[in-house]
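Heads up, the thing below is written out as structure tokens.
Chain A is the first sequence line, chain B the second, and so forth, proteins listed ahead of strands; every chain is numbered from 1. Keep in mind that this is a model prediction, so the values were computed, not measured.
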Amino acid sequence: MKKQAPLICVVGQTATGKSSLALRIAQEWNGEIICADSWTIHREVNIGTAKPSMQEQSLVPHHLLDIIGPDEDFNAALFKELANKAIIDIIARGKLPIMVGGTGLYIDSVIYDYSFSAVGSRHSREELNALTLPELLEKIDNLGLELGSIDIRNKRRLIRLIETDGAQPTKGDLRDQTLLIGLHVENDKLKRHVTDRLDAMLASGLENEVRQLSERYGWNCEALKGIGYIQWREYFLGSENRDQVRQKIIQATINLAKRQNTWFQRNKSIHWFDTPVNWYEVVGLITTVLDNNIS
RNA sequence: GCAGGGAUAGUGAAGUGGUUAAACACAUCAGACUGUAAAUCUGACGGCUCAGCCUUCGGGGGUUCGAAUCCCUCUCCCUGCA
């Protein structure tokens, strides 16, 4: 039986240094990076998303960056498809694929081979969105759909259930030869990292980037709904000052980091590292996986 | 100095005599998560020897069967007049 080629994943909360670790791994083992991030896929949002710089991208090829416009939608199923293509392509060229990112759903869709149920065209999302929770439940009942184990207090879950005609999703085992490296930082330290990173973003012209994007695409634009962007709205309207924006961005980032951590912590296959990462341990871990593959 | 206003849990803020350990929001802690995921949703959130008990609404005193809510007084803060 033919063995699957190795895949290295670097996951974890935002601002833990995933990108730089991935870069180092890629340079050490002749790899290419696949970004599993729901925001860096958008073009034109660069500073606030902490997108890898052109300099970093010239060092190592990055995939799934800048693939859609700021006002275009994206989704996990699409990510899974594109990421799988990228992985196959990288392996075919004899290089090591390294998937890095903090969007847990995107990562899992690839490494656990999620079976996304097709979107039913009979119902428009806009129409369903307008319904209340009880109305959605009634509709589901009328359609004869099984609620299963979904959270019936979460409107989005109910809408999805209707859209998929109640199709039950499936999840596979962890992809063979896949190494999961998780980065974790303690709360206090994380807050410092987040703050420092934001101040660096501000120094490199975040405000200007947001202003230009909001003028060109308007505040309803997808990419401007992200952290680091949406918080400027009141500022440009004149009701808040720069420091309030800064505090709001820090807070939103910390809140996100908490949710990301909850997602990844339940995955018992992840090898966790505290930062700063002990490089030799990483080398040891990766070497084991790669050697195992050769034999 | 005089006249008003105010002090409520980590923060903001409701409550103005009786299911009030005290709405709500935020923060915090924990959790869920398969075509929006940087999204969406859930629980806990005064203390304890925790299906019961104890202590809270600036401090002290009082009225009342009963007060964060009424009265007196003290402290501090804001506003108008001096």
To the nearest Å, how far apart are [X] [atom1] and [N] [atom2]?
X        : N      : atom1 : atom2 : answer
A/Tyr112 : B/rU34 : OH    : C1'   : 14 Å
A/Ile250 : B/rU28 : CD1   : P     : 12 Å
A/Gln265 : B/rA30 : CD    : P     : 10 Å
A/Asn261 : B/rC29 : CG    : C1'   : 13 Å
A/Ile150 : B/rG35 : CD1   : P     : 10 Å
A/Lys191 : B/rC29 : NZ    : C1'   : 15 Å

Check every strand shown and say whether A/Thr170 touches a base, only sugar-phosphate, or nothing at a heavy-atom separation below 4.0 Å.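 Touches a base.
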Any non-hydrogen side-chain atom of A/Phe116 less than 4.5 Å from a side-chain atom of A/Thr164?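 Side-chain contact under 4.5 Å: no.
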In the structure shown, which nucleotide is the Watson-Crick or G-U wobble counterpart of [N], with both distances under 3.5 Å?
N      : answer
B/rA38 : none
B/rU75 : B/rA7
B/rC24 : B/rG12
B/rC45 : none
B/rC65 : B/rG18
B/rC2  : B/rG80
B/rU55 : none

Tell me if the CD1 atom of A/Ile152 is crowded by more than 12 foreign heavy atoms within 6.0 Å.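 Counting other residues, nucleotides and ligands, CD1 of A/Ile152 stays at 12 neighbours or fewer.
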Hey, is CG on A/Asn241 packed in by over 12 heavy atoms from elsewhere, all under 6.0 Å?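 Check passes, neighbour count above 12.
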With A/Leu198, which of A/Val245, A/Leu206, A/Thr253 fulfils side-chain contact (heavy atoms from CB on, under 4.5 Å)?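 Option passing the side-chain contact (heavy atoms from CB on, under 4.5 Å) with A/Leu198: A/Leu206.
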Could you give the distance separating [M] and [N] at their [atom1] atoms, to the nearest angstrom?
N      : M      : atom1 : value
B/rC70 : B/rC2  : P     : 23 Å
B/rA44 : B/rA9  : C1'   : 15 Å
B/rA67 : B/rC77 : C1'   : 25 Å
B/rA23 : B/rA13 : C1'   : 10 Å
B/rG12 : B/rG18 : P     : 27 Å
B/rA22 : B/rC53 : P     : 15 Å
B/rU56 : B/rU8  : C1'   : 10 Å
B/rA25 : B/rG43 : P     : 11 Å

Can you tell whether the side chains of A/Glu28 and A/Arg24 come within less than 4.0 Å, N to carboxylate O?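 So A/Glu28 does not pair with A/Arg24 through a salt bridge.
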Pairing of A/Glu240 and A/Arg233 as salt bridge, 4.0 angstrom limit: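 A/Arg233 and A/Glu240: not salt-bridged.
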Is A/Asn187 close enough to B/rU28 that one of its side-chain N or O atoms is under 4.0 Å from OP1 or OP2 there?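 No.
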Please state whether the phosphate of B/rA27, meaning OP1 or OP2, lies under 4.0 angstrom from any side-chain nitrogen or oxygen of A/Lys258.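 For B/rA27, OP1/OP2 do not have a side-chain N/O of A/Lys258 under 4.0 Å.
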Looking at CG of A/Leu183 and CH2 of A/Trp272, how far apart are the two atoms once the value is rounded to the nearest 0.5 Å?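 Going from the CG atom of A/Leu183 to the CH2 atom of A/Trp272 covers 8.0 Å.
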Distance, nearest 0.5 Å, that separates CD1 of A/Ile254 from CG of A/Leu190: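 Taking CD1 in A/Ile254 and CG in A/Leu190, the distance rounds to 4.5 Å.
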Path from A/Ile249 to A/Val194 over hydrophobic side-chain contacts below 4.5 Å: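 They do share one cluster, since a chain of ILVMFWY contacts under 4.5 Å joins A/Ile249 to A/Val194.
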Mark up nucleotides 36-43 of chain B, 5' to 3', with B wherever a protein heavy atom is under 4.0 angstrom from a base atom, S wherever such an atom reaches only the sugar-phosphate, and - elsewhere. BBBBBSS-
